[in-house]
Amino acid sequence: MKLSEILKNINIVHTNFKIDENKDVKEITFHTKDVVEGAIFVAIKGYVTDGHKYIKKAKELGAEFALVEDFVDVDIKQIKVKNSRIALADMATNFYKNPSKEMNVIGITATNGKTTTAFMVDSILKEDKRETGMIGTVLTRYKDVKIPSILTTPESLTLQSYFRDMLDKNITDVTMEVSSSAQELFRDKNIDFDIVTFNNLGREHIDQHGSFEKYFHYKSRLIRHAKKDALAILNADDEMIYSLKEKTKAKVLSFSLENDGADFGISDLDLTTGKGKFLFNINRDVKLKDFTIKKSSFKVELGSVGYSSVMNSVVAIIVALCLDVKKDIITKALKNFKGVERRFELIFDEDFKILDDHFANEKNIDATMETLRMMDYKDLNILYAIRGHRGVEVNREITERLVKWIKVLKPKSISATLSKEIVKEKDKVTEDELNIFKKILSENNIDCKIYNTLEEAINSSIDLLNNGDVLLLAGCQGMDKGAKFVKEKLLRENKVKDICGFSQRIDSRIC
């Protein structure tokens with residue numbers, strides 16, 4: 001592509017050379033490992049490192065241009081901009097020719113449940129025989145492509161390349177998780193969202209953004225910046241989320257799990273088996289651009305476990321209805337959908353049950369524990385992987401909420417792990433985080449054995465189980481390999497009856 005086309009509409013502050021409009025550029029990159037001869041290297045100032053430090057290396061590897069925020073003392077053609085992340089997003093859109101405009105794109109944001117909601121939407125659209133793509137926390141997936149995720153929302157250049165490849169492979173509908181970080185760092189800039197959703201809001205990523213107010217500010221960009229002909233699906237039970245109805249150009253649709261005042265809701269919820277059954281209610285005629293969703297009700301039976309699955313399915317149903325998917329297709333897809341790994345996932349269900357949940361924050365904890373409260377079992381056992389590098393305040397809030405539910409559910413055993421053998425540096429539990437966890441449990445006279453490694457913690461927790469018991473594996477990155485250790489322990493001790501089915505489920509996981 002011509003350099004002039006790549007730089008179209010880029011706000012250039014200055015250059016140290018005269019731009020040749022006919023110059024061909026083969027590649028844009030923000031990482032030196034992707035540099036090819038004649039590439040543009042974009043220097044991004046990140047949380048951990050500054051891309052300006054790598055311009056010399058990029059030059060040595062063949063980069064001809066560097067896009068910078070500050071000129072550097074390197075003999076390379078430099079293009080100075082105010083914000084290299086914004087410029088990268090705009091350049092990527094130009095380079096890949098804005099492919100998202102040619103597809104239905106659904107953007108999902110929430111503190112909890114983005115992943116499950118996205119998987120549910122994708123399952124429904126697949127059942128409707130559509131060519132689908134999905135981008136999110138677990139993976140990017142379309143056609144025969146399956147890429148494990150590093151970020152919930154990839155960098156803008158990577159994201160645009162995915163959309164380009166999807167369009168070239170005739171993908172029609174893309175479901176995408178949109179994180180607060182992505183919105184703050186402009187990763188999702190220029191993505192042409194047709195439907196956006198804001199499902200729920202909790203206290204998460206506060207240390208990263210500086211305050212809850214800033215977290216909400218960035219989280220809500222998806223709604224506030226939605227285009228005029230988009231649909232915005234908002235949770236009417238959350239005052240802050242619902243206030244966005246006055247701050248978006250999009251057409252707003254609302255849902256409530258608490259009353260029938262919103263456009264959509266539910267009634268007759270039954271969670272006795274762990275799998276939700278309910279009546280989905282369209283409370284009034286909802287007029288869209290090309291058709292009307294008529295007032296009605298229909299029964300839904302979920303194949304996935306947990307109250308959180310109920311909440312996520314409500315959003316997925318609304319998205320599907322807005323895409324004119326028939327009700328029988330929706331209900332069939334949701335009954336066949338068995339859940340997402342590490343989202344209240346039932347990984348073993350024979351003499352006893354083992355559930356695996358990412359347990360990220362207060363709202364997530366409430367949904368998980370509320371489901372356990374409604375389920376039928378003998379004794380509950382909890383193994384929690386303490387959250388690392390999320391700050392004392394986040395760990396205080398999580399531990400206090402855990403204590404609240406311990407008092408309600410009265411588990412037979414409680415243990416915790418630092419998971420030192422599996423977590424990376426960015427997820428290691430700090431001394432202050434461990435101390436606040438211990439302090440709160442001690443103040444509430446709760447005994448909890450703490451293990452250094454996840455494997456030892458898993459093995460010891462399983463040893464405590466009797467017939468009819470439940471073991472909850474709870475935690476984020478520190479519990480990601482929990483199912484692997486469960487598999488090894490149970491197979492080693494010949495406790496698995498359906499060996500093929502059990503092994504296949506665990507081996508197919510991304511974590």
Side-chain angles (χ1 to χ4, degrees), residues 1-12 23-55 57-59 61-69 76-103 105 107 133-137 139-142 145 147-169 171 174 176-179 181-193 221:
M1 179 177 280
K2 303 295 184 187
L3 178 61
S4 58
E5 294 176 28
I6 293 173
L7 297 178
K8 184 179 180 181
N9 298 324
I10 306 299
N11 186 16
I12 298 172
K23 176 69 178 176
D24 281 319
V25 176
K26 292 184 179 179
E27 194 64 79
I28 305 169
T29 177
F30 56 88
H31 199 294
T32 53
K33 69 179 177 63
D34 299 320
V35 171
V36 298
E37 195 71 30
I40 299 177
F41 177 75
V42 180
I44 293 174
K45 292 183 178 179
Y47 288 124
V48 178
T49 190
D50 184 347
H52 291 73
K53 296 178 181 178
Y54 303 97
I55 292 174
K57 183 178 180 182
K59 161 74 174 176
L61 291 169
E64 186 172 351
F65 307 93
L67 187 130
V68 302
E69 293 183 13
I76 188 172
K77 296 171 184 176
Q78 297 176 47
I79 305 162
K80 185 177 180 180
V81 296
K82 185 176 180 181
N83 187 311
S84 58
R85 284 189 180 275
I86 292 176
L88 177 64
D90 292 338
M91 290 165 64
T93 305
N94 294 336
F95 189 75
Y96 289 107
K97 300 181 180 179
N98 204 4
S100 66
K101 286 183 72 70
E102 307 300 320
M103 293 174 270
V105 182
M134 186 169 59
I135 301 169
T137 304
L139 81 171
T140 292
R141 183 179 72 190
Y142 56 96
V145 176
I147 306 168
S149 295
I150 298 172
L151 300 168
T152 295
T153 311
E155 290 290 355
S156 57
L157 182 67
T158 307
L159 193 55
Q160 290 289 353
S161 73
Y162 289 162
F163 273 105
R164 179 74 260 166
D165 196 39
M166 286 181 188
L167 186 60
D168 291 346
K169 288 180 166 62
I171 298 301
V174 181
M176 176 178 158
E177 296 179 53
V178 187
S179 67
S181 297
Q183 295 178 74
E184 180 183 10
L185 301 177
F186 303 101
R187 293 182 199 140
D188 66 327
K189 187 176 188 292
N190 302 330
I191 300 302
D192 191 73
F193 293 106
R221 269 186 181 172

Asks: Is a side-chain donor or acceptor of Asn94 paired with a backbone partner of Lys8 at a separation under 3.5 angstrom?
Replies: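 It does hold such a pair.
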Asks: Any side-chain donor-acceptor pair under 3.5 Å between Thr152 and Thr137?
Replies: yes
Asks: Give me the atom names and distance for the closest heavy-atom approach of Gly51 to Ala43.
Replies: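 Result for this residue pair: C-CB, 3.7 Å.
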Asks: Is the shortest distance from a Lys or Arg side-chain nitrogen in Lys82 or Glu69 to a carboxylate oxygen in the other one below 4.0 Å?
Replies: no
Asks: State the CE-CZ distance between Met103 and Phe163, to the nearest 0.5 angstrom.
Replies: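 It comes to 5.5 Å.
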Asks: Please give me the minimum heavy-atom distance between Met91 and Val42, naming the atom from each residue.
Replies: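 Met91 and Val42 have their closest heavy atoms at CE-CG2, 4.3 Å.
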Asks: Quick one: which of Asn98, Thr153, Val105 gives a side-chain contact (heavy atoms from CB on, under 4.5 Å) with Ile191?
Replies: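 Considering Asn98, Thr153, Val105, a side-chain contact (heavy atoms from CB on, under 4.5 Å) with Ile191 is found only for Val105.
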Asks: Do Ile86 and Lys189 have side chains that approach each other closer than 4.5 Å (heavy atoms only, starting at C-beta)?
Replies: yes
Asks: Counting distance only, does the side-chain N/O of Ser156 pair as donor-acceptor with the main-chain N or O of Arg187 below 3.5 Å?
Replies: no
Asks: On a heavy-atom basis, which atom in Leu159 and which in Pro154 lie closest, and how many Å separate them?
Replies: CD1-CD, 4.0 Å
Asks: Examine distances only and state if a side-chain atom of Thr32 and a backbone atom of Lys57 form a donor-acceptor pair shorter than 3.5 Å.
Replies: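 Not a single qualifying donor-acceptor pair exists.
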Asks: Got a donor-acceptor contact below 3.5 angstrom from the Arg85 side chain to the Phe186 backbone?
Replies: no
Asks: So, are Arg221 and Glu184 salt-bridged, with charged N and O less than 4.0 Å apart?
Replies: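 No.
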Asks: Quick check: closest heavy atoms across Ala182 and Asp188, and the distance to 0.1 Å?
Replies: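 For Ala182 versus Asp188, the nearest heavy atoms are O-OD1, 3.5 Å.
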Asks: Given Val68, which of Ile44, Val81, Ile55 fulfils the side-chain contact (heavy atoms from CB on, under 4.5 Å) condition?
Replies: Ile55
Asks: Would you please say whether a donor-acceptor pair under 3.5 Å links the side chains of Asn190 and Thr93?
Replies: yes
Asks: Which atom names give the shortest non-hydrogen contact between Phe95 and Val25, and what distance separates them?
Replies: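 So the minimum-distance heavy-atom pair works out to CE1-O, 4.0 Å.
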Asks: Output the distance between atom CG (Leu7) and atom NZ (Lys2), rounded to the nearest 0.5 Å.
Replies: 13.5 Å
Asks: Judged by atom type as modelled, is there a donor-acceptor pair below 3.5 Å linking the side chain of Arg164 to the main-chain atoms of Tyr96?
Replies: yes
Asks: Between the side chain of Thr29 and the main-chain N/O of Phe41, is any donor-acceptor distance below 3.5 Å?
Replies: no
